[in-house]
Amino acid sequence: MKRLRKAEAEDAPLKEAAAASALEDDLEEGAAAAAEPEEAPEVAGAGAGALEARADAAELAAVHGGAGTDPIEDSDEEGAAAPPQAIAAPRKAKGKAMAAPKPAKVKATGLAAGQKKAAAAKGKGRAAAGSPAPAAVKDELLIEGVAGGQASEDEGSPDAGDAAEGEEAGVSAAKAKPLKKAILTYPGDKAPAVKVEGVGTGAVAAAALHEDFNLDALATWAPGKPVPFAFLAATFEEISSESKRHAITRLLTNAIRAILATTPGDLLPAIYLCVNQVAPSHAGTELGIGDAILVKALAEATGRARDKVQHEYSESGDLGVVAFNARATQRTMFPLPPLMVASVFSTFREIARTEGTKSQEKKIKLITKLLVASKGIEPGYIMRALQGKLRIGLAEQTVLAALAQAVLLERGSKSESSNRDGSLAGRLQAAEQAVKLAYSQCPSYDLLLPALLAHPIMEVNEHVAFQPGVPVKPMLAKATTGITEVLDKFAGTDFTVEYKYDGERAQVHVLEDGRVAIYSRNSEDNTKKYPDIAASVPRLLQPGVRSVVLDCEAVAFDREEGKILPFQVLSTRARKDVKVADIKVQVCLFAFDCLYLDGRVLLQRPLTERRSALYSAVSEQPGELLFATAKTSADVEELGLFLNESVAAGTEGLIVKTLDSTYEPSRRSAHWLKLKKDYLEGVGDTFDVAVIGAWLGKGKRTGGYGSFLLAVYEPGEEELQTISKIGTGFSEEQLVQLSEQLKALVIPAPKPYYRYGETLVPDVWFDAKVVWEVKAADLSISPVHRAAAGLVDPTKGISIRFPRLVRVRDDKAAEDATSAEQVAEMYRKQVSTRTYKEVAEDY
DNA sequence: GTGCATCGATTTC
DNA sequence: GTCGGACGGATTCGG
DNA sequence: CCGAATCCGTCCGACGAAATCGATGCAC
């Protein structure tokens with residue numbers, strides 16, 4: 001049926017198209033329902049009702065529809081990839097975010113930011129050195145007192161907002177005192193506030209500002225009416241000029257409150273737009289849109305040449321800016337209906353659904369339609385959203401925080417005023433943690449939102465909790481620089497050490513009904529990628545075990561030799577709809593944690609307990625499932641040996657874990673530490689390489705180089721052969737300085753002795769006079785790089801994994817760079833040729 | 001129209 | 001994956 | 001003892017190699 005509608009929408013005039021798509025899936029039906037002239041809904045009441053209904057539907061669907069079924073998603077969707085998550089903002093590019101900076105905004109951005117901007121603009125180097133922090137903070141507080149009023153200015157027409165500065169100043173001055181006081185006394189507390197952990201003075205001050213929330217100043221639409229996309233775009237724009245997290249959070253909190261108070265049905269699409277997702281990760285819906293298609297669409301929408309748009313993109317490094325400028329100069333013949341949050345989002349979903357022949361054309365059409373209907377700031381944010389990079393300093397964690405705060409503030413007064421057991425800041429903090437926990441254990445806004453609106457926020461974890469079949473965000477580990485740091489951090493606590501296998505994270509769910517689901521690190525459904533695992537794991541369950549969730553690393557494995565294979569081998573496995581018979585690369589699971597066993601959620605249990613649960617839940621089967629090699633020791637030398645052993649066994653190093661720690665989903669917790677050889681100073685593979693080219697930077701690297709092309713030296717033919725690009729390891733300041741230095745070495749064409757891939761041509765070439773020392777984790781056979789070509793592989797060259805700059809080698813010339821032969825030798829050495837047994841015998 | 005190469009997008013690390 | 005920058009909170013330092 | 005300096009965790013967004021998959025373009 002959606003096909004029909006789609007066809008209609010394509011030919012219909014925009015207004016009708018928007019209407020059609022607004023009705024398209026049940027999401028929009030929900031929105032529409034909430035939008036019915038319910039006449040001034042009692043704040044959250046009406047909308048909550050609408051969403052409550054959806055919550056029930058969702059729960060039902062989850063129960064009946066089975067594992068990870070997204071109640072909102074069309075039932076014909078199959079698992080696949082996920083939408084991008086990253087959203088970002090340039091700190092110092094903030095000034096030129098999207099629109100021409102408005103006078104009022106520049107003021108409101110605050111002293112600190114203003115200064116920084118200026119420093120960044122003219123002065124490379126010591127930007128942050130100057131302004132004393134305390135003064136900046138004070139001024140910030142003054143100005144933020146009027147943030148609420150400011151938001152409204154942006155709405156209607158983007159250019160309309162210049163409030164009387166004098167008045168602002170007056171208001172702020174008046175507010176300054178109570179604010180200061182607030183910091184000291186925890187406002188709203190009768191009893192002296194119990195010190196809440198994690199709540200600082202900043203959070204208290206921020207909480208106090210919530211009193212200024214003014215719905216009428218924010219909401220330009222009537223209660224129950226669809227939320228205009230312009231509102232969201234204006235919020236984004238404001239956020240983009242802000243760098244303080246509290247301030248960003250509050251801006252979004254206010255926006256969410258406005259939606260909650262008027263049209264709560266639009267909250268779900270709004271949240272999805274904020275986090276730049278189109279569906280939960282495990283639902284497998286992707287936009288299938290990248291820079292290339294966006295450039296095409298933008299060219300079409302503005303009637304300009306593609307090259308020109310592409311060129312402007314290269315120059316400005318931001319498609320959003322290109323779109324904004326393009327639209328600004330284009331006249332529309334007749335006024336189009338404004339974009340709505342719900343309709344924009346449903347168009348995004350439609351784009352994600354579009355596939356097959358001519359799908360790109362269709363997608364471009366949809367995008368074009370959005371662009372043509374967009375005004376002011378909107379096209380810029382539409383482009384960025386489709387790119388998957390909002391770049392405004394707002395991403396998932398902050399959205400969750402704002403969501404929690406908004407729900408508490410907007411709805412808490414009713415149901416939760418009775419149990420005010422702390423300061424406002426404390427309760428906000430608690431709500432935030434509850435919501436983040438809920439989301440990490442059940443990463444789906446489709447499930448989270450309805451539950452949030454249906455129940456008191458502090459009970460959200462009772463309703464949105466871990467359940468087998470829905471992936472948990474995996475716990476991550478923190479990098480360390482050496483064994484001493486590990487011992488330092490874990491002094492006084494018991495810890496254990498495990499191999500860090502070089503494969504792919506696999507969260508294996510075995511459900512009571514026998515079904516198996518396997519999720520990736522990013523909660524993608526990988527079940528279809530690993531039918532072999534799905535088949536074998538149930539056989540390995542210990543007698544009596546009915547359901548279990550394992551945390552594992554899936555590693556390519558040579559069953560004949562009983563040997564771990566490198567990551568590059570694993571990556572050649574097919575990904576979609578794999579048939580067991582077609583599998584060429586065997587995989588062995590290395591299990592290291594157990595999150596759930598026979599109805600018991602183990603996330604909050606200590607590692608010791610989870611580990612024994614693991615050992616009791618499944619049995620080892622060489623080549624199919626093994627327990628991660630582990631050892632418990634606090635001896636420096638012993639750990640050093642173990643680290644060497646792990647590397648010899650073909651793993652990346654060690655993970656060190658405290659034995660009493662719980663499983664902390666999605667946290668790069670200090671309870672798990674990564675110990676890799678290449679982290680150690682002076683250890684690991686380093687290369688001296690010539691810098692022979694560069695690419696222009698994007699986003700916060702706009703205006704300079706973003707990455708560089710590196711080459712090693714082949715003395716026989718006297719060639720410089722590319723080995724890698726590099727884009728990290730330098731500070732911003734250093735990057736500017738290096739760019740400056742290299743700019744002088746630009747040559748119009750590559751030297752005849754440069755050997756590089758035809759598909760890897762940099763924006764500018766350099767005379768090879770600069771040598772850098774670069775560190776890497778590994779070497780790999782490369783389809784594009786030319787280093788040591790012919791020495792290891794008959795035609796392919798060698799590249800490096802995870803390259804980063806260590807230091808500049810002023811003392812070296814290009815001829816002194818690492819030689820091709822050395823690179824080849826390093827590659828040969830790293831290839832693991834030893835079996836497990838051999839390694840084990842040695843230690 | 002079919003098969004193959006290429007490009008772009010997405011994903012893993 | 002690596003890395004650096006900005007913030008915010010907690011802890012330590014110095015007058 | 002208080003304010004300043006410092007340390008540390010969190011969040012965000014620059015950027016890396018390399019693989020598959022899907023759509024499209026091209027040769028035949």
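It should be emphasised that the depicted structure is a prediction, and the values quoted were computed from it without experimental measurement. Numbers restart at 1 for each chain; the letters A, B, ... are given by sequence-line order, proteins then strands. Side-chain atoms are counted along with the backbone in the values below, which use heavy atoms only and exclude waters and symmetry mates.
Whole-Å rounding puts the A/L319 CG to D/dA14 P distance at 13 Å. If you take CD of A/Q734 and C1' of C/dC3, they are 12 Å apart, rounded to a whole angstrom. Atom CD1 of A/I800 is separated from atom P of C/dG1 by 18 Å (rounded to the nearest Å). To the nearest angstrom, P of C/dG5 lies 8 Å from CD of A/E733. Atoms CD1 (A/I726) and P (C/dC3) sit 10 Å apart, rounded to a whole Å. If you take NZ of A/K389 and C1' of D/dC15, they are 9 Å apart, rounded to a whole angstrom. Across the protein-nucleic acid pair, A/E396 atom CD and D/dC12 atom C1' stand 12 Å apart, rounded to whole Å. One interatomic measurement links the two molecules: CZ of A/R245 to P of D/dT10, which rounds to 12 Å at whole-angstrom precision.
Side-chain atoms of A/L287 lie closest to B/dT10 of the nucleotides B/dT10, D/dA17, C/dC7. Checking C/dA6, D/dC15, D/dA18 against every side-chain atom of A/S782, the shortest atom distance belongs to D/dA18. Distances were taken from every side-chain heavy atom of A/T398 (C-beta onward) to each of D/dC11, D/dT24, D/dG22; the shortest belongs to D/dC11. Taking every side-chain heavy atom of A/Q360 into account, D/dA23 is the closest of D/dC15, D/dA23, B/dC13. Closest to the side chain of A/F802, out of D/dG22, D/dC15, B/dC13, is B/dC13. Closest to the A/K725 side chain, of the nucleotides D/dA17, B/dT10, B/dT12, is D/dA17. Nearest nucleotide to the A/P783 side chain, out of B/dT10, D/dA18, D/dA14: D/dA18. For A/A292, whose side chain is taken as the heavy atoms from C-beta onward, the closest listed nucleotide among D/dA18, B/dA9, D/dC15 is B/dA9.
The line from CZ of A/R573 to CD of A/Q586 is 7.0 Å long, rounded to the nearest 0.5 Å.
Donor-acceptor pairing under 3.5 Å, judged by distance alone, is present between the side chain of A/R575 and the base of D/dT20.
Under 3.5 Å, the side chains of A/D778 and A/Q568 contain no donor-acceptor pair of N or O atoms. Between the side chains of A/T722 and A/H785, at least one donor N or O sits under 3.5 Å from an acceptor N or O. With hydrogens and angles left out, the side-chain atoms of A/E485 and A/T481 include a donor and acceptor closer than 3.5 Å. Side-chain atoms of A/D525 and A/T527 form a donor-acceptor pair, as typed in the model, at a separation below 3.5 Å.
When heavy atoms are screened at a 4.0 angstrom cut-off, A/A203 is found touching the sugar-phosphate backbone but no base atom. Counting non-hydrogen atoms under 4.0 angstrom, A/I781 reaches the backbone sugars and phosphates but no base. Residue-level contact check: A/K676 touches the backbone only, with heavy atoms under 4.0 Å from sugar-phosphate atoms and none from bases. At a threshold of 4.0 angstrom between heavy atoms, the contacts of A/D291 are confined to the sugar-phosphate backbone, with no base atom among them. Using a 4.0 Å heavy-atom cutoff across all strands shown, A/K500 reaches sugar-phosphate atoms only and no base atom. Within the nucleic acid shown, A/L570 has no heavy atom closer than 4.0 Å to any nucleic acid atom. At the heavy-atom level, A/S571 lies under 4.0 Å from the strands shown only through sugar-phosphate atoms. At a threshold of 4.0 angstrom between heavy atoms, the contacts of A/K775 with the nucleic acid are absent. Among the heavy atoms of the strands lying under 4.0 Å from A/Y679 are primed sugar atoms or P, OP1, OP2 only; no base atom is included.
At least one side-chain nitrogen or oxygen of A/S707 sits closer than 4.0 Å to the OP1 or OP2 atom of D/dG16. Distances shown here put every side-chain N or O of A/Q397 at or beyond 4.0 Å from the OP1 or OP2 atom of D/dT10. For the OP1/OP2 pair of D/dA23 and a distance below 4.0 Å, the side-chain nitrogens and oxygens of A/K358 include no atom meeting the criterion. Under 4.0 angstrom from either OP1 or OP2 of C/dC7 there lies at least one side-chain N or O belonging to A/S243. Checking the phosphate oxygens (OP1, OP2) of D/dA19, no side-chain nitrogen or oxygen of A/T572 falls inside 4.0 Å.
Mapping A/R573 and A/H785 onto DNA chain D by nearest heavy atom places A/H785 closer to the 5' end of the strand. Ranked by how close their nearest DNA chain B nucleotide is to the 5' end, A/T759 and A/F567 are led by A/T759. Where A/A574 and A/I723 each meet DNA chain D at their nearest nucleotide, the meeting point lying more 5' is that of A/I723.
You'll find the side chain of A/V555 stays beyond 4.5 Å of the side chain of A/L570, heavy atoms only.
Relative to the ring axis of A/W672, A/K478 does not place its NZ or CZ within 45° and under 6.0 Å from the centre.
Salt-bridge annotation for A/D318 and A/R384: present, with a side-chain N of the basic residue lying under 4.0 Å from a carboxylate O of the acidic one.
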